[in-house]
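Any value given below was found using the heavy atoms of this structure, including those in side chains, with hydrogens, waters and symmetry copies removed. Every chain is numbered from 1, with letters handed out A, B, ... down the list of sequences. Everything quoted here is computed from the prediction, not taken from an experiment.
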Number of protein chains: 2
Amino acid sequence: MLSANIEIRDYLANLIAEYNAGNGGHFTAGRLPSERELVEQFSSTRITVRDALTKLEAEGLIYRSNRRGWFVAPSRLVYDPSSRVNFYLLAAQQNKTPATQLISQRCIKGPAETREALGLVAKEKVIELVRLRSLNGRPVLFETIYLPEQRFPKLNKARLEGSLTVLMEEEYAVQICHEDNRIRVSAVYDQVAESLSLINGAPCLEVTRIRYEGDRKAFEFDKEYWVHSAIELSIPSK
Amino acid sequence: MLSANIEIRDYLANLIAEYNAGNGGHFTAGRLPSERELVEQFSSTRITVRDALTKLEAEGLIYRSNRRGWFVAPSRLVYDPSSRVNFYLLAAQQNKTPATQLISQRCIKGPAETREALGLVAKEKVIELVRLRSLNGRPVLFETIYLPEQRFPKLNKARLEGSLTVLMEEEYAVQICHEDNRIRVSAVYDQVAESLSLINGAPCLEVTRIRYEGDRKAFEFDKEYWVHSAIELSIPSK
DNA sequence: CAGTGGTCTAGACCACGAT
DNA sequence: TCGTGGTCTAGACCACTGG
């Protein structure tokens with residue numbers, strides 16, 4: 001016995017599969033019918049229709065753009081966090097158009113977790129960079145980067161929307177010696193949710209990264225929130 | 001302006017934080033108040049209460065046990081997919097009690113994706129093992145393992161609930177040379193959802209793994225579905 | 001058996017996006 | 001301004017769990 005929300009999910013999942021295979025004139029510009037249209041079509045209610053849409057969202061088959069509608073999710077960016085390939089190159093290799101927007105830049109004391117990870121003492125401050133990255137115009141990554149101020153004086157503002165790895169190498173002679181990545185499924189709220197056009201509490205993939213240089217001195221602490229349907233991690237080993 | 005579901009979320013998130021810090025007599029045995037109790041407490045409706053609970057679930061702060069109730073999520077298992085530490089050792093190191101249940105064992109042709117990954121031709125078959133793994137009695141991982149029948153004849157049934165890595169080393173002289181892991185946020189349905197006490201469409205962390213031996217011959221294909229609040233991946237590099 | 005969550009009905013009003 | 005999704009009300013019945 002199928003429940004109604006699963007029925008609707010299956011129906012849409014089939015249309016999406018056809019659309020992705022290039023066989024479908026369903027969906028103009030990847031936009032799904034409005035929730036109210038689906039309600040009519042299935043003689044159902046918005047609760048049930050939204051249940052179905054939420055399931056498809058969880059699977060990563062569709063995504064929402066806040067109050068604009070539901071869209072078929074493009075193929076995922078495949079990303080190896082242990083490789084140091086930068087975002088622009090990675091996107092280009094996978095035929096996607098990347099963009100980066102610097103949202104804010106501050107010099108602050110910083111949260112305890114960050115200070116500890118970077119081994120800061122007394123009055124040492126951190127530079128906090130907040131950036132939003134997009135693929136083909138769709139925001140997919142909200143990231144906050146913390147750098148010890150002392151290690152990176154006079155950051156070149158003009159370059160903060162480009163690859164930081166390259167900037168750090170070229171202007172500060174950074175040589176990465178080690179990197180820790182922590183990956184978990186989590187949820188986004190407030191500024192993160194709004195920036196990514198998601199609703200409060202939407203699931204995401206959270207990556208926390210600490211980078212070390214020289215004799216294992218931490219020089220960078222990152223928090224990344226990925227729109228979960230936009231990414232797949234690839235981790236080779238040995 | 002806070003919406004009601006966020007208010008309820010925040011209220012519960014605070015209680016959960018206290019409970020986890022050991023300061024709270026809230027929640028007996030980690031069980032949250034029933035949805036209907038929360039409805040009364042907040043003069044709200046189940047829709048709104050469930051919105052709040054779903055958000056907490058997405059964050060990994062609570063989990064549901066199908067039709068039994070909502071529970072505070074224990075600390076996550078930290079897991080490095082590129083290390084070959086087996087599940088039992090890993091759990092023990094983190095003070096958790098592991099268990100494995102073999103759900104089914106078959107010899108079949110297998111799905112196309114699997115056959116391709118394993119490089120099977122003509123009538124070669126695969127052994128399909130389905131297992132459920134638990135931590136402290138809570139199911140956290142549903143996995144399907146595919147092995148080429150020709151490479152692993154006469155599998156020792158008695159050992160299929162233990163570490164396969166150890167079994168393969170000891171009885172088939174397998175030497176892993178390489179491994180690919182693909183990680184994505186996805187959703188569970190049907191048998192997977194039921195086995196994990198989740199509802200259809202609940203989010204999960206999906207890991208697809210291919211292992212190679214000798215001169216890059218694939219000998220194992222795995223699909224893992226993790227209850228997302230039960231796991232955090234740790235990926236060191238360089 | 002009672003109590004839980006799972007699913008669903010049939011509406012309503014609001015905030016925001018596009019135009 | 002109109003259409004979209006976001007949030008919410010006030011119920012209902014069902015499936016399953018546990019005592």
Side-chain angles (χ1 to χ4, degrees), chain A residues 1-10 12 27-58 62-71 137-139 187-190 193-202, chain B residues 1-10 12 27-58 62-71 137-139 187-190 193-202:
Chain A
M1 174 50 193
L2 275 191
S3 45
N5 73 53
I6 297 289
E7 229 174 300
I8 299 174
R9 186 219 83 98
D10 291 347
L12 290 173
F27 315 144
T28 61
R31 183 192 211 112
L32 271 67
S34 79
E35 296 179 3
R36 286 163 176 91
E37 283 176 293
L38 292 169
V39 166
E40 273 201 44
Q41 186 177 340
F42 289 94
S43 307
S44 185
T45 65
R46 277 187 71 208
I47 298 277
T48 304
V49 165
R50 281 174 69 81
D51 261 13
L53 293 168
T54 303
K55 284 174 168 56
L56 290 166
E57 183 192 34
I62 64 176
Y63 68 95
R64 63 177 95 194
S65 184
N66 211 337
R67 289 175 209 276
R68 287 206 314 126
W70 298 86
F71 299 84
R138 172 191 177 202
V188 291
Y189 286 94
D190 303 328
E194 279 158 36
S195 303
L196 294 172
S197 285
L198 298 174
I199 60 168
N200 273 327
Chain B
M1 173 52 191
L2 277 190
S3 45
N5 73 54
I6 297 288
E7 229 175 299
I8 300 174
R9 187 220 82 97
D10 290 348
L12 290 173
F27 315 144
T28 61
R31 182 189 212 114
L32 270 68
S34 80
E35 295 179 4
R36 285 163 176 92
E37 283 176 292
L38 292 169
V39 167
E40 274 202 43
Q41 186 178 341
F42 289 92
S43 307
S44 185
T45 65
R46 278 186 70 206
I47 297 277
T48 304
V49 165
R50 281 173 70 82
D51 261 12
L53 292 168
T54 304
K55 284 174 167 59
L56 291 166
E57 182 192 35
I62 64 176
Y63 68 96
R64 64 178 95 194
S65 184
N66 209 337
R67 287 175 212 276
R68 287 205 315 125
W70 297 86
F71 299 85
R138 173 191 176 203
V188 290
Y189 286 94
D190 303 329
E194 279 159 36
S195 303
L196 293 172
S197 286
L198 298 174
I199 59 169
N200 272 328

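- The ring pair (Phe, Tyr, Trp, His ring centres under 6.0 Å) search around Phe27(A) returns Tyr19(A), not counting sequence neighbours.
- Taking Glu194(B) as the reference, nothing meets the side-chain hydrogen bond (donor to acceptor under 3.5 Å, both in side chains) condition, with sequence neighbours excluded.
- The side chain of Ser34(A) contributes no N or O atom lying less than 4.0 Å from OP1 or OP2 of dG3(D).
- With sequence neighbours excluded, the residues forming a side-chain contact (heavy atoms from CB on, under 4.5 Å) with Ile199(A) are Arg64(A), Asn66(A), Ala202(A), listed by chain and number.
- For Glu40(A) and dG3(D), the CD to C1' distance is 14 Å, given to the nearest whole Å.
- Going from atom CG of Leu32(B) over to atom C1' of dG3(C) covers 16 Å, rounded to whole Å.
- With sequence neighbours left out, the side-chain contact (heavy atoms from CB on, under 4.5 Å) criterion links Asp51(A) to Asn5(A).
- Residues passing the side-chain contact (heavy atoms from CB on, under 4.5 Å) test with Arg67(A), sequence neighbours excluded: none.
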Exercise for the section: Mark up nucleotides 6-16 of chain C, 5' to 3', with B wherever a protein heavy atom is under 4.0 angstrom from a base atom, S wherever such an atom reaches only the sugar-phosphate, and - elsewhere. Expected result: BBBBB-BB-BS
